[in-house]
Amino acid sequence: MSGPHGFSVQRYAPERGTLAKLTARDSMLRRLDWPLLWSSLALSVIGAFLVWSATRTRDQLNQGDPEYFLWRHILNTGIGVALMIGTIWLGHRTLRGAVPVLYGLSVVLVLLVLTPLGATINGAHAWIVIGGGFSLQPSEFTKITIILIMAMLLAARVDAGDQEHPDHSTVVKALCLAVVPIVVIMLMPDLGSVMVIAVIILGVLLTSGASNRWVLGLIGTGAVGAVVVWQLGVLDEYQINRFAAFANPELDPAGVGYNTNQARIAIGSGGLTGTGLFKGSQTTGQFVPEQQTDFVFTVAGEELGFLGAGLILLLLGVVLWRACRIARETTELYGTIVAGGIIAWFAFQSFENIGMTLGIMPVAGLPLPFVSYGGSSMFAVWVAIGLLQSIRVQRPMSA
């Protein structure tokens with residue numbers, strides 16, 4: 001078909017298509033939860049400086065390069081953001097169809113840790129060494145796949161309109177799938193990850209609308225299981241010592257209680273405004289072990305003071321607030337459950353990490369989300385942010 005001057009009308013179709021794509025892309029950008037994104041980025045940037053401060057004088061760790069961990073943390077953050085973008089692009093609904101494959105892959109990875117490919121780092125046999133100075137902690141990604149596989153099962157018949165709430169048989173199936181990786185992770189043993197996954201399961205059940213009897217039953221089962229694990233001697237000696245030091249902070253202050261005592265000294269010495277970045281005596285003097293990972297919050301407490309540490313808490317609060325809003329606004333149960341599992345994960349892991357530096361929680365070897373150094377943890381939390389953003393972007397316009 002030609003126009004009045006002999007030009008084909010069809011030549012303009014690609015332009016209209018391009019305009020439609022641009023409009024869709026602009027709509028997606030407008031629907032992103034920007035406070036969630038900027039808060040997460042701010043935490044990662046703050047974490048880069050804290051990690052740098054904690055490692056710049058530790059020649060035995062940084063291979064003689066004071067900026068070694070700084071650039072690796074930035075690289076990890078960049079990869080994490082790329083994974084977030086990829087997750088948004090694919091969409092949580094598209095990923096829903098691949099959840100069984102992702103779950104199976106995560107179980108295989110945690111099983112590989114128990115083979116000769118596994119490596120022990122900081123007392124936990126929970127890693128796979130890839131080479132080139134890189135290692136992988138499969139349990140971090142298991143947190144995501146457990147959320148997704150349970151959400152897929154619990155929401156399937158509800159989102160299809162066949163049920164109002166998940167029935168008991170569906171809950172049993174979901175719990176059985178969650179138990180498989182938990183047992184493997186417990187054999188490593190990686191008690192910290194098991195604790196987080198247990199809280200994730202509770203968060204998933206609470207947001208799914210399943211009977212409260214399941215939640216109460218799991219809490220009771222967890223308490224009994226903890227006693228059984230203790231009596232059977234499943235825990236390693238260093239893990240038992242951590243609980244003993246938590247129960248009695250004065251127990252062996254130069255041994256099992258050393259980490260916690262030094263952490264509290266570092267945080268307490270910061271005062272209101274801190275000693276200044278790179279000027280903390282506890283940090284510079286390398287008195288706090290694992291300060292770039294599990295105890296990174298002590299750097300903030302000492303060098304940035306109460307105000308700087310409070311800013312980290314505020315940013316974590318914004319992340320949780322926006323995640324709660326996404327969970328509340330979505331109209332599909334699947335999205336609600338995924339968001340609920342992520343909220344439980346971030347909330348408990350943040351509380352446990354900061355709590356152990358203050359002496360109000362036992363040392364469990366868990367990183368502070370977005371802030372601590374560690375590729376596996378960084379990648380996992382950014383994928384979780386991608387899932388939250390996808391849930392928000394794909395919700396109906398009326399939501």
Side-chain angles (χ1 to χ4, degrees), residues 44 47 51 54-55 58 60-63 68-80 83 102-147 178 180-198 200 229 234-242 259 288-296 345 348-349 352-353 356 362-384:
S44 291
V51 168
T55 59
R58 303 197 180 208
Q60 75 278 15
L61 292 178
N62 62 30
Q63 303 180 17
Y68 177 79
F69 282 91
L70 168 66
W71 294 114
R72 287 172 71 95
H73 185 90
I74 293 174
L75 174 63
N76 289 338
T77 301
I79 295 174
L83 290 172
L102 296 174
Y103 170 81
L105 180 60
S106 69
V107 172
V108 170
L109 287 175
V110 293
L111 284 171
L112 285 176
V113 175
L114 302 180
T115 71
L117 295 175
T120 300
I121 299 178
N122 298 331
H125 192 78
W127 303 80
I128 298 175
V129 177
I130 300 174
F134 292 93
S135 57
L136 181 71
Q137 189 177 10
S139 58
E140 290 292 337
F141 303 103
T142 303
K143 298 170 186 175
I144 297 174
T145 57
I146 285 179
I147 292 173
V180 174
I182 287 179
V183 172
V184 179
I185 294 172
M186 196 68 203
L187 293 175
M188 293 179 183
D190 183 359
L191 183 59
S193 294
V194 171
M195 291 168 58
V196 174
I197 292 173
I200 286 174
V229 167
V234 175
L235 300 180
D236 283 348
E237 184 178 357
Y238 80 93
Q239 293 175 317
I240 296 175
N241 290 338
R242 285 176 173 179
N259 290 16
V288 184
E290 306 303 330
Q291 204 169 14
Q292 76 277 14
T293 53
D294 300 347
F295 288 91
V296 70
W345 166 16
F348 177 76
Q349 188 160 318
E352 164 61 30
N353 176 277
M356 71 183 187
V363 176
L366 291 172
L368 184 59
F370 304 101
V371 182
S372 292
Y373 174 79
S376 299
S377 174
M378 186 69 76
F379 303 158
V381 295
W382 276 107
V383 169

As an exercise, state the distance from [atom1] of [X] to [atom2] of [Y], rounded to the nearest 0.5 Å.
X    : Y    : atom1 : atom2 : answer
L366 : S193 : CG    : OG    : 6.0 Å
L109 : L105 : CG    : CG    : 4.5 Å
L187 : L114 : CG    : CG    : 6.0 Å
L70  : Y373 : CG    : OH    : 11.0 Å
I185 : S139 : CD1   : OG    : 5.0 Å
W345 : I146 : CH2   : CD1   : 11.0 Å

Taking side chain as C-beta onward, heavy atoms only, is [X] less than 4.5 Å from [Y]?
X    : Y    : value
V196 : I200 : yes
S376 : L136 : yes
F295 : V363 : yes
Y103 : P181 : yes
S377 : Q137 : no
M186 : L191 : yes
L61  : F69  : yes
F141 : L102 : no

[Y] backbone acceptor or donor facing [X] side chain under 3.5 Å:
X    : Y    : value
S135 : V129 : no
N62  : T55  : yes
N353 : D294 : yes

Over all heavy atoms of both residues, which pair between [X] and [Y] is shortest? Give the atoms and the distance, please.
X    : Y    : result
V371 : V296 : CG1-CG1, 3.8 Å
A364 : E352 : CB-OE2, 3.3 Å
N76  : G374 : ND2-C, 3.9 Å
V110 : V107 : CG2-O, 3.0 Å
V288 : Q291 : O-CB, 3.6 Å

For V113 and I128, run side chain to side chain contact (heavy atoms under 4.5 Å, CB included): C-alpha distance rounded to whole Å, both residues' side-chain angles, the deciding distance at 0.1 Å, then the answer.
-> CA-CA 6 Å; V113 175; I128 298 175; 3.8 Å; yes
Answer yes if the side chains of Q292 and R58 hold a donor-acceptor pair under 3.5 Å, and no otherwise.
->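 Short answer, no.
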T77 and W382: CA distance, side-chain angles, deciding distance, side chain to side chain contact (heavy atoms under 4.5 Å, CB included) verdict = CA-CA 8 Å; T77 301; W382 276 107; 4.3 Å; yes
Kindly write out the residues that satisfy salt bridge (Lys or Arg N to Asp or Glu O under 4.0 Å) with E140, not counting sequence neighbours, or none if the list is empty.
->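 K143.
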